[in-house]
Amino acid sequence: MKLLFVSTSVGPLGTGLGGGVELTLYNIAQQMIQRGHEVQIVAPAASTWDNLPLVQIPGNLQIIAQSQERTDPVMMPENSVLANMWDYARQVQADYDLIVNFAYDWLPFYLTPFFTRPIAHLVSMGSLNNALDKIIKQVAEHFPLTIGFHTQVQAATFALDAYSCLSNGIDLSLYRFCDRPKQQLAWLGRISPEKGLADAVAVAQITQIPLKIMGKIQDELYWQQICEKYPNDLFEYLGFLPTNEMQQVLRECRALLMTPHWVEAFGNVVIESLACGVPVISYRRGGPAEIIQDGKTGFLVEPDSISELVNATLRIDEIDRQTCRSSAEAQFSLEALGSRFEKWFKEILGNKHLRKLNMRY
Ligand code: UDP
């Protein structure tokens, strides 16, 4: 297959601004290339990946969907990188069999019927905005099975009749198992209100177990508020680290705290943690609730309950770290990810009904 991957428009690849989409796109691209397919990635200028074929497109970044209200209109900056990337895709589409959209944005869905090549849409978040919900539903109806989600619980927020559920996967060889953790906890992700870092800092404060924080600061004000509320040395911010450095810290932690205040579509950091043998304590909500086996690979607790997070943290020795690693190996390997996506892409290309639709437009 000749595949054109169009990246998220909220940040250049390699900066962390794109959240889990960056790693997901990287892993799928790598797998497709390894399987003999041709891949070209289209991404905002200033992307830093240099080992994959990348076309860099200039323009202003899109505002993040999480910062908008459900009823907000669709907004685009002038000289939008999203529009520029899709203009590029339109011009080169004849050179590809399939275009894959990684952006959680209205425009690529709206443009779908105007393209002559089929578009697979990988949706990276749960339902957040009415205008986007509506256009996703429309595309799902007219272009069956071209909408992909990571988990059933994420898909349920859109209430579609037909979709593909693709989970996620990582290169397990990059995450080393560690059986002897230090007395420390981890929190990983974009620092932004919906990810709930403040709850994890509260747990560190109550249990007096130091917290290592890694990830991109997306909301500076939210971060400042945390620093002002908890002026102590129980948490340490290490920055947005490359995978290898990140897993060196993560694997030595007793647990990963996952504290989302929204329906997390998947939660890449959950499987990265399990791959290191680190159990995950999470609110019973969104993707993590589908991935973590309560009492086996971590604990699922009442959403937004700090006291339940604390209780689970104090019981963390009940979890066998080897079981965590084995569960990552069994379900979330790069090969499994590659097979799921290859199958999805082939299904779309083999769909005669869809081929006719694209020809008609
Ligand atoms: N991450 C990273 N370095 C860090 C912290 C996080 O590379 O120091 C990456 C992590 O590997 C994961 C992503 O940030 O792929 C966070 O993705 P997740 O799916 O957990 O949440 P999202 O940001 O998409 O809501």
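Order of appearance sets the numbers: ligands from 1, and atoms from 1 within every ligand.
- Note on residues 160-189: pairs passing ring-ring contact (aromatic ring centres under 6.0 Å, His included), not counting sequence neighbours, are F149-Y163.
- When side chains are defined from C-beta on, K137 does not count as touching K134, because their heavy atoms never get closer than 4.5 Å.
- In this structure, ligand 1 sits under 4.0 Å from heavy atoms belonging to G19, G20, L23, L188, R190, K195, M214, G215, G239, F240, L241, M246, W262, E264, G267, N268, V269, E272.
- Annotation: ring pair (Phe, Tyr, Trp, His ring centres under 6.0 Å) contacts of F102 (sequence neighbours excluded): F5.
- Between the CD atom of E38 and the CD1 atom of I33 there is a distance of 9.5 Å, given to the nearest 0.5 Å.
- Side-chain contact check for L172 versus R325: some heavy-atom pair is nearer than 4.5 Å.
- Hydrophobic cluster membership for L17: none, as no Ile, Leu, Val, Met, Phe, Trp or Tyr side chain comes under 4.5 Å of it.
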